[in-house]
Amino acid sequence: MSIKRIPKGMSEKEYYETIVDEETFLEWYKTQDLPKYENPSVTADMVAYCFVNGKIKLLVIKRKTHPYQNKYALVGGFINKNEDAFQACIREVREEVGLDIPLEKVEQLMTVSSPGRDPRGWVITIAHLVYLPCQVMKQVNAGDDAKQVMFLDVDFKTQTFKDGERYLTAKDFSFDHYQILLESIKRIQGRLDWNPTVLHLLETPFTVYEGTELINLISPRRPIVSNNFLVKYRDFLEEVGVKRVPKKKPRKLYRLKSE
């Protein structure tokens with residue numbers, strides 16, 4: 001690209017960034033400046049929880065391919081050029097485990113850009129929290145990158161993960177996924193009082209008793225009784241009907257308010 005009429009004392013970079021029109025700048029940038037920078041790959045990983053029979057479960061896969069073959073991994077993958085990270089999450093869950101999830105049950109957790117976190121090269125991941133319905137345990141199917149799909153037991157009090165009777169450590173997980181899992185617990189517990197999106201784990205609609213059970217699993221060091229559930233979370237809920245229970249008073253039903 002020829003350089004025209006660059007004022008004395010002005011660099012080529014400054015000239016194209018400040019003097020010419022945007023179209024000319026972009027043409028120059030793509031051929032002269034952009035090649036100077038390395039381009040990372042970007043992935044979307046999901047900490048996908050569900051609440052089943054009074055227990056919190058974590059959806060993971062066992063990798064059938066390198067790197068970290070046979071290690072536990074979060075569901076996730078590379079973001080395509082024509083999608084954002086949220087769309088990538090929804091696509092990856094569909095591809096890996098055969099599930100369709102609504103956008104409101106996906107929220108960004110953190111971005112991890114630590115050098116060397118992926119042996120394949122420079123890979124940045126955008127980790128998300130995903131709240132799955134309880135019926136997922138009957139629906140999942142292993143996809144292309146998954147040797148096996150499974151649900152781990154999660155204890156928010158001890159911040160531990162179990163496959164059957166075996167406690168898992170960081171060495172059992174791919175990449176830095178174990179650290180992401182610990183951060184997810186910290187995030188959910190830390191925002192429980194002011195942004196309890198974890199209630200998306202409940203089947204909609206839900207009762208006060210079901211909400212109390214979940215909250216006490218998430219925050220076992222600060223348990224509440226059912227009478228206090230609405231005191232803490234009424235502003236985040238809307239009443240949607242009643243549930244008839246034999247030989248008991250009807251129970252009011254709630255759901256999270258739409259944002």
Side-chain angles (χ1 to χ4, degrees), residues 43-63 68 70-76 89 92-93 96-97 101 105-114 116-118 124-134 136-137 140 146 148-202 210-225 228-229 232-233 236 256:
T43 60
D45 286 311
M46 286 145 280
V47 181
Y49 290 115
C50 62
F51 181 49
V52 183
N53 297 327
K55 294 183 178 181
I56 299 174
K57 301 281 189 174
L58 171 72
L59 174 64
V60 297
I61 65 171
K62 267 196 173 181
R63 290 181 59 84
Y68 296 104
N70 298 319
K71 296 286 188 177
Y72 297 89
L74 302 175
V75 176
C89 287
E92 283 290 342
V93 170
E96 293 283 2
V97 293
I101 54 173
K105 292 200 174 187
V106 181
E107 63 180 81
Q108 191 173 129
L109 171 63
M110 62 190 298
T111 298
V112 187
S113 57
S114 307
R117 61 174 301 274
D118 191 318
I124 295 171
T125 195
I126 306 173
H128 295 75
L129 284 168
V130 177
Y131 302 117
L132 298 172
C134 66
V136 300
M137 294 190 70
V140 295
Q148 183 180 357
V149 178
M150 61 188 64
F151 289 87
L152 305 179
D153 291 316
V154 184
D155 188 327
F156 271 63
K157 182 177 182 178
T158 59
Q159 299 187 3
T160 53
F161 308 90
K162 288 176 62 178
D163 181 4
E165 295 302 315
R166 186 166 76 92
Y167 285 93
L168 304 178
T169 69
K171 293 181 180 180
D172 294 305
F173 286 88
S174 311
F175 310 103
D176 46 14
H177 289 182
Y178 184 78
Q179 287 73 30
I180 293 173
L181 286 172
L182 295 181
E183 185 63 30
S184 77
I185 292 177
K186 180 180 177 182
R187 167 71 67 85
I188 291 172
Q189 290 178 332
R191 61 191 292 180
L192 198 56
D193 290 342
W194 59 272
N195 194 14
T197 52
V198 72
L199 291 175
H200 277 304
L201 287 177
L202 296 170
E210 292 163 341
T212 302
E213 181 183 24
L214 175 61
I215 292 300
N216 286 340
L217 285 174
I218 297 295
S219 184
R221 300 185 189 281
R222 295 190 302 152
I224 62 172
V225 295
N228 289 338
F229 179 79
K232 287 179 65 73
Y233 299 112
F236 305 99
L256 275 176

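Nearest heavy-atom pair, Gly76 versus Glu92, reported as atom, atom and distance to 0.1 Å: O-OE1, 3.1 Å. Pairing each heavy atom of Ile180 with each of Leu74, the nearest pair is CG2-CD1, 4.0 Å. Heavy atoms only, all atoms of each residue included: Glu213 and Gly54 are closest at OE2-CA, 3.5 Å. Here the closest heavy-atom approach between residue Ile215 and residue Phe229 is recorded as CG1-CE1, 3.9 Å. Summarising the geometry of Leu168 relative to Tyr178, their closest heavy-atom pair is O-CE1, 4.1 Å, with the distance given to 0.1 Å.
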TODO: Carefully, step by step, assess Leu256 and Tyr233 under the rule side-chain contact (heavy atoms from CB on, under 4.5 Å).
DONE: CA-CA 9 Å; Leu256 275 176; Tyr233 299 112; over 6 Å; no

TODO: Might you work through the side-chain contact (heavy atoms from CB on, under 4.5 Å) test for Ile218 and Ile56, ending with a clear yes or no?
DONE: CA-CA 9 Å; Ile218 297 295; Ile56 299 174; 3.4 Å; yes

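Of the charged side-chain nitrogens involved, at least one lies within less than 4.0 Å of a carboxylate oxygen, so that Arg222 and Asp193 count as a salt-bridged pair.
Judged by distance alone, with hydrogens and angles left aside, the side-chain atoms of His128 form no donor-acceptor pair with the main-chain N or O of Val106 at under 3.5 Å. A donor-acceptor pair is defined here as one N or O able to donate and one able to accept, closer than 3.5 Å; such a pair exists between the side chain of Arg187 and the backbone of Leu109. Judged by distance alone, the side chain of Asp176 and the main-chain N or O of Gln179 form no donor-acceptor pair under 3.5 Å.
Between Asp45 atom CG and Ser184 atom OG the span is 12.0 Å, to the nearest 0.5 Å. With rounding to the nearest 0.5 Å, the separation of CD1 in Ile224 from OG1 in Thr212 is 4.5 Å. To the nearest 0.5 Å, atoms CE (Met150) and CD1 (Ile61) are separated by 9.5 Å. Note that CG of Leu129 is 5.0 Å distant from CD1 of Ile188, once rounded to the nearest 0.5 Å. Taking NZ from Lys55 and SG from Cys50, the interatomic distance works out to 12.0 Å, rounded to the nearest 0.5 Å. Atoms CE and NE2, from Met46 and His177 in turn, are 9.5 Å apart once rounded to the nearest 0.5 Å.
Between Tyr72 and Phe173, the ring planes lie tilted relative to each other; the angle falls in the 30° to 60° range.
No side-chain heavy atom of Phe51 sits less than 4.5 Å from a side-chain heavy atom of Val198. In this structure, Tyr131 and Glu107 have side chains that are in contact, with non-hydrogen atoms separated by less than 4.5 Å. Proximity of Lys105 to Val130: side-chain heavy atoms (C-beta onward) are nowhere separated by under 4.5 Å. For the pair Leu58/Phe161, a side-chain contact is recorded, criterion being any heavy-atom separation below 4.5 Å from C-beta on.
By the side-chain contact (heavy atoms from CB on, under 4.5 Å) test, Ser113 pairs with Ile124, sequence neighbours left out. Taking Lys57 as the reference, Asp153 meet the side-chain hydrogen bond (donor to acceptor under 3.5 Å, both in side chains) condition, with sequence neighbours excluded.
If you run side chain to side chain donor-acceptor pair (under 3.5 Å) between Asp172 and each of Lys71, Arg166, Lys62, only Arg166 comes through.
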